[in-house]
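These notes are about the structure you will find just below.
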Amino acid sequence: MIVGVIMQKNGKWVYKKYNLGKVGLVFSIISLILSIICMFFCIYLENTVAIPVATEEELTGIYKFYANNASLFNLLKECATIVTSIIGASFIVELAFEPKNKNMIYTDFFEQELICNSKFYSTLAPEYRNDVLNALERIDYFNNNAIVSEMYSNIRKRLNDSISKFPNSKYYLEQCSYKVTCYDKNTHFEKRVVRTMEFKSYSKEETINNLCLGEYRSIKIDDLDAFTIESLHIDGDNIDISKIDCIDSQDDPDVLEAQAKYTTGKKYVYKESIRIKNDTSTVVVFEYISRTQKNDIHSTFRVATPCKKFSVDFSIDKNYTLIPIAFGFCDRAIQSPNSSNEKEACVLFNDWVFKDDGVVIILNKNK
């Protein structure tokens with residue numbers, strides 16, 4: 001049961017509600033009954049004693065005791081009257097005002113900004129916080145459609161999983177683009193790549209050490225350098241390529257890389273520290289040449305951290321048709337192979353993509 005009380009707060013009369021458990025309810029009812037009995041008993045004794053006193057008759061028994069302790073009984077009557085008034089008023093207020101104020105505790109919660117304060121939710125266990133989030137989303141965004149709400153929760157989980165793979169990541173990509181020109185060298189393919197990345201930090205400003213410029217896998221070609229760095233520019237400044245470290249990649253190959261039977265994996269890291277902000281992009285342009293065997297007809301371009309806009313422009317010099325395949329967040333990619341010249345293809349994600357999302361370009365030799 002809920003007991004309502006009208007009280008003054010900050011100069012205004014407000015209605016407050018308090019939950020009464022079973023024990024509290026029983027205690028309140030018993031107190032109310034005893035107070036009423038006590039109050040009427042004192043009134044009865046007071047009126048009964050008044051008659052013999054007026055006629056100067058001698059008082060005996062409890063009447064004499066009452067007369068000798070009249071002040072004590074008056075105090076008891078006043079206390080009983082106050083208790084009866086408080087408890088009785090609470091029950092009356094509950095019956096009279098509760099139907100019109102059933103959401104007052106909810107309103108009061110918001111007026112005090114408790115439910116809007118993140119500190120309130122920090123006290124809840126993670127599973128309860130997730131239940132609150134799902135309930136609010138289901139009501140406010142999905143019209144209580146539990147299935148659509150579940151779909152959205154899975155998307156959010158995928159984002160969390162993507163971020164959790166890089167728990168120390170301090171940045172994301174505002175934009176990332178590949179400009180690739182592929183040449184058939186008879187004995188191998190040679191790809192000249194310009195990778196442009198616009199970095200932003202999650203917080204106001206971060207100092208990044210060992211910034212990863214890219215991670216690449218290939219099949220080793222005898223007597224041929226599989227990867228050559230051409231240049232590195234950061235915010236327009238030409239950077240000495242001696243400041244780039246090449247280290248062996250420790251990550252396991254994914255399904256596509258395993259099918260291609262790649263044997264080597266390299267990661268290229270900028271050794272100097274770099275400042276990244278959240279209000280302006282730090283633009284890094286990384287140019288390189290990769291060389292692969294003629295039977296390696298797949299070229300894969302992926303993001304390693306969340307990216308807001310991702311694009312791949314790919315062209316080949318002769319004798320091949322390009323087949324672009326995009327895989328990303330809800331497959332929102334725009335694939336636009338040039339219908340008059342299938343040696344060129346462009347794939348654009350104009351929306352967020354996450355870890356392992358990207359584009360595969362397949363080289364199909366013309367007959």
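The first residue in the sequence is number 1, and the count goes up from there. Values below: every heavy atom of this structure, side chains too, minus hydrogens, waters and symmetry copies.
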Atom pair CG (L322) and CD1 (I361), whose distance is rounded to the nearest 0.5 Å: 6.5 Å
Worked verdict on C176 versus R195 for side-chain contact (heavy atoms from CB on, under 4.5 Å): CA-CA 7 Å; C176 178; R195 185 186 187 191; 3.7 Å; yes
Minimum-distance pair of heavy atoms, taken over all atoms of S273 and Y270: O-CE2, 4.2 Å
Spacing of OG1 belonging to T321 relative to CD1 belonging to I362, to within rounding of 0.5 Å: 12.5 Å
Test side-chain contact (heavy atoms from CB on, under 4.5 Å) applied to N364 and Y320, step by step: CA-CA 5 Å; N364 185 30; Y320 286 86; 5.8 Å; no
K200, NZ: over 12 other non-hydrogen atoms inside 6.0 angstrom: yes
Atom pair CG/CG of D296 and L363 - distance to nearest 0.5 Å: 8.5 Å
Aromatic ring pairing W352/F354, orientation class (parallel under 30°, perpendicular over 60°, tilted between): parallel
Atom pair CZ/CG of F189 and N295 - distance to nearest 0.5 Å: 9.0 Å
Intermediate values then yes/no, side-chain contact (heavy atoms from CB on, under 4.5 Å), F286 and T196: CA-CA 6 Å; F286 186 40; T196 303; over 6 Å; no
Closest approach of C212 to K267 (non-hydrogen atoms, all atoms of both residues): SG-CG, 3.6 Å
Check: N278 main-chain N/O paired with S201 side-chain donor or acceptor under 3.5 Å: yes
E198 to S281 - nearest heavy-atom pair and separation: OE1-OG, 3.5 Å
I316 vs D184 side-chain heavy atoms within contact, under 4.5 Å: no
Residues in salt bridge (charged side-chain N to carboxylate O under 4.0 Å, His left out) contact with E287, at least two apart in sequence or another chain: none
S290 and R192: side chain donor to acceptor below 3.5 Å: no
Polar contact flag, side-chain donor to acceptor under 3.5 angstrom, T181-K191: no
Derivation of the side-chain contact (heavy atoms from CB on, under 4.5 Å) call for F349 and D357: CA-CA 10 Å; F349 287 94; D357 291 341; 5.6 Å; no
Heavy-atom neighbours of K204 NZ exceed 12 at 6.0 Å: no
Heavy-atom check, side chain of L211 versus side chain of Y171, under 4.5 Å: yes
V285 reachable from Y288 in the ILVMFWY side-chain graph, under 4.5 Å edges: no
Same cluster (ILVMFWY, side-chain, under 4.5 Å), V284 and I241: yes
Hphob cluster co-occupancy, I244 + F227, side-chain heavy atoms under 4.5 angstrom: yes
Co-membership, hydrophobic cluster, residues I229 and L213, 4.5 Å side-chain: yes
Hydrophobic cluster membership, F199 vs I208, 4.5 Å side-chain cutoff: yes
Under 3.5 Å donor-acceptor, N210 side chain and V269 backbone: no
Residue pair I289 / E190: nearest heavy atoms and the distance that separates them: CG2-CG, 3.4 Å
Candidates V347, I325, L348, V303 - the one meeting side-chain contact (heavy atoms from CB on, under 4.5 Å) with V359: V347
Which donor-acceptor pairs under 3.5 Å do side chains of residues 306-315 form with protein atoms, sequence neighbours excluded?
none

Contacts of D317 that satisfy salt bridge (charged side-chain N to carboxylate O under 4.0 Å, His left out) - sequence neighbours left out: none
Distance (rounded to the nearest 0.5 Å) between Y216 OH and K266 NZ: 14.0 Å
Between CE on residue M197 and OH on residue Y178, distance to nearest 0.5 Å: 7.0 Å
